[in-house]
Amino acid sequence: MPQQPEPLVAKLLLAWYDRHHRELPWRVSPAMRGRGLRANPYHVWLSEVMLQQTTVQAVKPYFQKFLNLWPKVTDLAAANTDDVMAAWAGLGYYARARNLKKCAEAVATEHGGIFPDTEAGLRALPGIGDYTAAAVAAIAFDRQAAVMDGNVERVISRLYAISDPLPGAKPLMKSKVVAVTPAERPGDFAQGMMDLGATICTPKRPACALCPLNGECLALRDHDPERFPVKAAKKEKPVRLGAAFVAVDGQGRVLLRRRTASGLLGGMTEVPTTDWTSRKDGGTDVEHAPFRADWQPCGTVVHVFTHFELRLSVYRAHLNATANADGWWEPVETLGEQALPTVMKKAITLAIPLAFQP
DNA sequence: AATACGGGGGG
DNA sequence: CCCCCAGTATT
């Protein structure tokens with residue numbers, strides 16, 4: 001038998017959350033909710049999608065920008081997809097933005113503009129997986145849904161000293177979260193667990209002395225908490241090479257292209273590049289340029305993706321007129337409004353240092 | 001079950 | 001600086 005009766009974990013965690021929860025733009029504090037103020041499902045959903053694989057700090061300005069541009073889910077559903085991609089640029093994992101738009105459209109057309117209020121109903125929508133469905137159901141609709149993200153995995157794996165490695169141990173961890181999730185205030189419990197993982201039960205050097213669960217934690221009692229969660233060995237990233245071409249025409253405009261709709265950086269904007277597997281063993285980069293010009297090398301951009309490292313040789317050319325090429329010519333002044341992912345901003349900045357200055 | 005998919009922050 | 005972190009969809 002575990003030392004801690006299940007209700008105790010929820011009681012301790014909720015008491016801690018009442019005192020230490022973070023104020024966030026999409027969050028309704030326990031005190032305000034006590035006065036009848038409900039969380040806005042659109043805000044909760046938007047923030048949770050942005051928070052997938054992404055830190056609170058990075059999300060904040062994007063969340064505000066999206067709400068200013070599209071105050072209601074029906075506004076987002078009616079928006080121009082290119083505008084949504086441009087607004088998302090820099091946040092990463094761009095399939096999230098494509099699915100965000102699809103989800104808003106589904107809510108608007110199939111659900112009358114009202115989000116489903118059950119975990120299963122939410123789970124059926126584009127871009128909403130196990131985590132987001134449970135989070136929105138618990139936080140926005142007060143459903144007793146067990147929310148498990150990376151923070152919760154860490155807290156749970158330490159609380160029960162789970163030595164099985166991730167990702168195989170996920171079902172076991174999920175069963176533990178189900179067992180401790182209370183019927184009362186499940187949304188606050190979920191947010192409290194995630195806040196605890198983000199601020200106290202951190203990956204390195206956890207602040208166990210400040211933890212409300214330190215009396216129940218088996219890892220603290222019997223092991224080194226930092227050892228948990230145990231993870232399967234990771235493999236090394238391959239390196240891919242390529243070249244990027246920043247062309248500036250006689251009117252101070254830069255040649256841009258649209259990437260194909262799916263796959264890496266799908267639907268985003270780019271400057272012309274070679275493919276990203278090319279070795280430098282046959283021919284030179286400029287043979288693959290969009291057109292003949294006086295291409296000048298201006299250095300290399302290194303960008304690390306999840307599963308490979310990209311080294312882009314950047315070339316620049318200033319033209320007297322406008323060359324004929326696929327894509328479009330964008331004034332340097334409006335480059336900041338384009339759906340340019342970070343790697344492309346890096347490449348353009350290397351070629352035109354002041355390109356993104358205000 | 002394994003892989004594809006960005007970017008930011010901390011030690 | 002290198003190392004680590006973290007959901008969903010697809011295959």
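Every chain is numbered from 1 and lettered A, B, ... according to where its sequence line falls, protein lines coming before strand lines.
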Roughly how many Å apart are [M] and [N], using the [atom1] atom of each and rounding to a whole number?
N: C/dC5; M: B/dC5; atom1: P; value: 22 Å
N: C/dT11; M: B/dG6; atom1: P; value: 15 Å
N: C/dA6; M: B/dA4; atom1: C1'; value: 14 Å

message: Listing request: all salt bridge (charged side-chain N to carboxylate O under 4.0 Å, His left out) pairs with a residue in residues 137-152 of chain A, at least two apart in sequence or in separate chains.
response: A/D117-A/R143
query: If each of A/L91 and A/P167 is mapped to the nucleotide of DNA chain B with the nearest heavy atom, which maps nearer the 5' terminus, i.e. the 5' end?
result: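 Result: A/P167.
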query: Start at the 5' end of DNA chain B and walk down; is the nucleotide closest to A/G90 or to A/R205 reached first?
result: A/G90
message: Checking A/T334 against A/Q338: is there a side-chain donor and acceptor pair closer than 3.5 Å?
response: no
message: Is any side-chain heavy atom of A/L265 closer than 4.5 Å to one of A/Y94?
response: yes
Selection residues 46-62 of chain A - residue pairs positive for side chain to side chain donor-acceptor pair (under 3.5 Å), sequence neighbours left out: A/E48-A/Y131, A/Q52-A/T132, A/T54-A/R96
Per-nucleotide protein contact string for nucleotides 2-9 of chain C (B base, S sugar-phosphate only, - none; heavy atom under 4.0 Å): --SSBBSS
- prompt: Under the 4.5 Å side-chain heavy-atom rule for ILVMFWY, direct or indirect, which residues accompany A/L37?
  reply: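 So far as hydrophobic clustering goes, A/L37 is joined with A/V28, A/M32.
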Value in whole Å for how far the P atom of B/dG9 lies from NZ of A/K60: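 Between P of B/dG9 and NZ of A/K60: 12 Å.
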- request: Figure out the CH2/P separation between A/W276 and B/dC5, and round it to whole Å.
  value: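 Taking CH2 of A/W276 and P of B/dC5, I get 10 Å after rounding.
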query: Is any NZ, NE, NH1 or NH2 atom of the basic residue among A/E119 and A/R123 found under 4.0 Å from an Asp or Glu carboxylate oxygen of the other?
result: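 Between A/R123 and A/E119 there is no salt bridge, as every charged N stays at least 4.0 Å from the carboxylate O atoms.
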field: Runs of at least three Watson-Crick or G-U pairs with DNA chain B, cut-off 3.5 Å
entry: B:1-5 with C:7-11, B:7-11 with C:1-5
task: Kindly state whether the ring of A/H307 and the ring of A/F305 have centres lying under 6.0 angstrom apart.
output: no
Validation: residues 163-175 of chain A side-chain donor-acceptor distances under 3.5 Å, sequence neighbours left out:
from   : atom 1 : to     : atom 2 : distance (Å)
A/K170 : NZ     : A/E153 : OE2    : 3.3
A/S175 : OG     : A/L172 : O      : 2.6

